[in-house]
Amino acid sequence: MPGYPALPEGIAYGGDYYPEQWPREVQEEDVRLMREAGVTLVSLGIFAWVLLEPAEGRYEFGWLDEILDRLHAAGIAVNLGTPTATPPPWFSRKYPDSLPVTREGVTIGLGSRESACSSHPAFLAATSALVTRLAERYGEHPAVVMWHVHNEYGAPLGECYCPASVNAWRDWLRHAYESLDALNDAWGTTFWGQRYGDWAEIDAPRWSHTVVNPAQRLDYARFTNDAHLSHYRLQRDLLRGSGKPVTTNFAGTVNCKSMDLWRWAPELDVIANDHYLAGERADNHIHLAMSADLSRSLAGGAPWMIMEHSTGAVSWQPRGIAKRPGEMRRNSLAHVARGADAVMFFQWRASRYGAEKFHSAMVPHAGTDSQIWRDVVALGSDLAALAEVRGSRVAAEVAIVWDWESYWALELEWRPSGDLTFLERISAFYEALWRAHITTDFVHPSADISGYRVVVAPSSYLLTEASAKNLQRYVESGGTLVVSYFSGIVNEHDTVHPGAHPGALRDLLGLSVEEFHPLREHERVTLSGGATARVWSERVRLTGARSDQRFTTGPDAGHPAVTVNELGAGAAWYLATAPADGLRDLLTPILDRAAVTRPRGLPDTLEHVLRGRHLFLINHADTPAAVPGVTGTDVLTRTPFDGEVPPGAVTVVRLAPLP
Ligand code: GAL
């Protein structure tokens, strides 16, 4: 299997390139400007199906040949897209039943993108026909260094409810369960009298006037993931013959709820992520770091690509907030710090027409006499200076448990509190660790976690018996586990584990929960350590664990709120509530006891990441940050590091070898 693309060398730099929107003189100027900015890689052809196949079976490749040759002559490598995210109008006209249908029964209209169902036989056939030709024609083209399949599977087109999907779903169920008895048991169809006597009786879990069977919905999410993944695999297998790496760009590892990216990752030669800042959020750089760490974890620690981010305004957000001075540079280098070996943008040149004409680009509407262009050129030279970072790895001593199935299950209807969302607790723990300058990996609960000093499970509502055993083995052999409330509650079918909560984790945590007491919207409770907490309270009964802190107010006053169970050589901690702002203080002694290494005394606005022997220091504050005790060369300025990172600046120190 080919790994990370051999070319371009160093840290790849560039973006989505749509020359088809521009006359030849602009295309020629593009290549000149790309060279000026140090661009080394562009993604091409992503939405160009109708230009490549204007009528069924009639292909026009000449325009693409010309562009590929021009880029190649300029030394710019190409990540060649397959344009299956935009089926041509002729296709939709000929196969109207290929249009996706929403859960509410609305048929997707034309004039946008993602307008064909991944399970529709005609779409699969048309995909094969086109991709076979692309592979034949460009597999050996010297400009093409890798393939970019489709675009952002799962967003916006996640679940589809068209007749082709329902057929494929029934096949998927037959394969998964083999017998209707097994399906009826797994789905608990005795509840509300839903027992099925024939496969043909089973429909997709379309919108209904009240809650649809949660186990059925959970399986539909799995089926949807698999339907898109097989559309990807179909293409990947056709492109494989070229020997060049194949990828698809994830629609934001953290935000793409609809795809189980743990299942996708092994099918890609290189992990590629798209990340857009939520412009209005003050802490959006922490969200960025989380997305990057999850990308690296999906890549198993190998280098990955930030395939799309923005130079400024993102036009699909409520307000196209411009980046602050230096923010684009901080964002780009934060991705590199966390393992990216490519920095790519959507898009090269701002479009004059179409849905995204107000989206920022590397060449803005204002042209090259603009701050964005100057920043783009400067970033090119930063990335050239960072070539020596390529291929090096980021080590983490702490991991956070992340499971898309738990994401799906937790956010179905009728949970004990509407405040329970998957990302809420994960983000809270991630932020506390980020501010303590601890780099985290993300892990599936069944993964080998033996190498981490601390593993945190902030949101493991769905946890299989096997995964719970994995966590238990980890603790028994010396690991430190931190579990947050409402974890270990249901199995893979959203069925409550037998007995008192948290069924799958009772023994490991040395406790049981008698009753949940979710809090009202603004309600606060206090803990014996002084912290206030929100969202959740519950009646914990100790069966082996000891109480570290109690609730002092609220429905569970006097009862345990933070507990620890010493088990084998390790310890399992439990937090029965959401500390309002004291999470970091609460974690400090746990991290200390587990001997997690981290720098002390730095401002909590300074991003501090060690990649190989390069220390990335990103100052997100308006004041300088002193970083004592670090010696080495600042790779970006080629001067000795003077122990201070100016406001808003990025410093990358090649650490001096230890004496
Ligand atoms: C991405 C998408 C791109 C572009 C971009 C704009 O989700 O893959 O094609 O639309 O958003 O932010």
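Both ligands and their constituent atoms are indexed starting at 1 by order of listing.
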Of His309, His359, His335, which is the lone residue that meets ring-ring contact (aromatic ring centres under 6.0 Å, His included) with Phe345?
His309

Within the distance-only criterion (no hydrogens, no angle test), does the side chain of Arg236 pair as donor or acceptor with the backbone N or O of Leu268 below 3.5 angstrom?
no

So, Trp264 versus Asn225: side-chain donor-acceptor pair below 3.5 Å or not?
yes

Against heavy atoms of Trp316, which atoms of ligand 1 measure under 4.0 Å?
6 (C), 11 (O), 12 (O)

Considering the heavy atoms of Glu152, write down every atom of ligand 1 situated less than 4.0 Å from one of them.
1 (C), 2 (C), 7 (O), 8 (O)

Heavy-atom contacts with Phe47 under 4.0 Å: which atoms of ligand 1 show up? List them by number with element.
9 (O)

Region of Asn151 engaging ligand 1 - heavy atom pairs below 4.0 Å:
side chain

Using heavy atoms and a 4.0 Å limit, tell me yes or no: is Arg113 in contact with ligand 1?
yes

In terms of side-chain heavy atoms, does Thr84 have a donor or acceptor partner in His150 at a distance below 3.5 Å?
yes

Could you tell me whether Glu308 and ligand 1 have an N or O pair separated by under 3.5 Å?
yes

Any N or O on His359 sitting closer than 3.5 Å to an N or O of ligand 1?
yes

Roughly how far, to the nearest 0.5 Å, is NE2 of His231 from CG of Leu234?
6.0 Å

Please state which protein non-hydrogen atom is closest to atom 5 (C) of ligand 1 and give its distance, to 0.1 Å?
Tyr276 OH, 3.4 Å

I'd like to check which ligand 1 atoms, numbered from 1 as shown, lie under 4.0 Å from a non-hydrogen atom of Glu356.
4 (C), 5 (C), 6 (C), 10 (O)

Quick one about His620 and Asp283 (side-chain donor to acceptor, distance below 3.5 Å, no hydrogens or angles considered), yes or no?
no

When rounded to the nearest 0.5 angstrom, what is the spacing between OH in Tyr276 and NE2 in His287?
14.0 Å

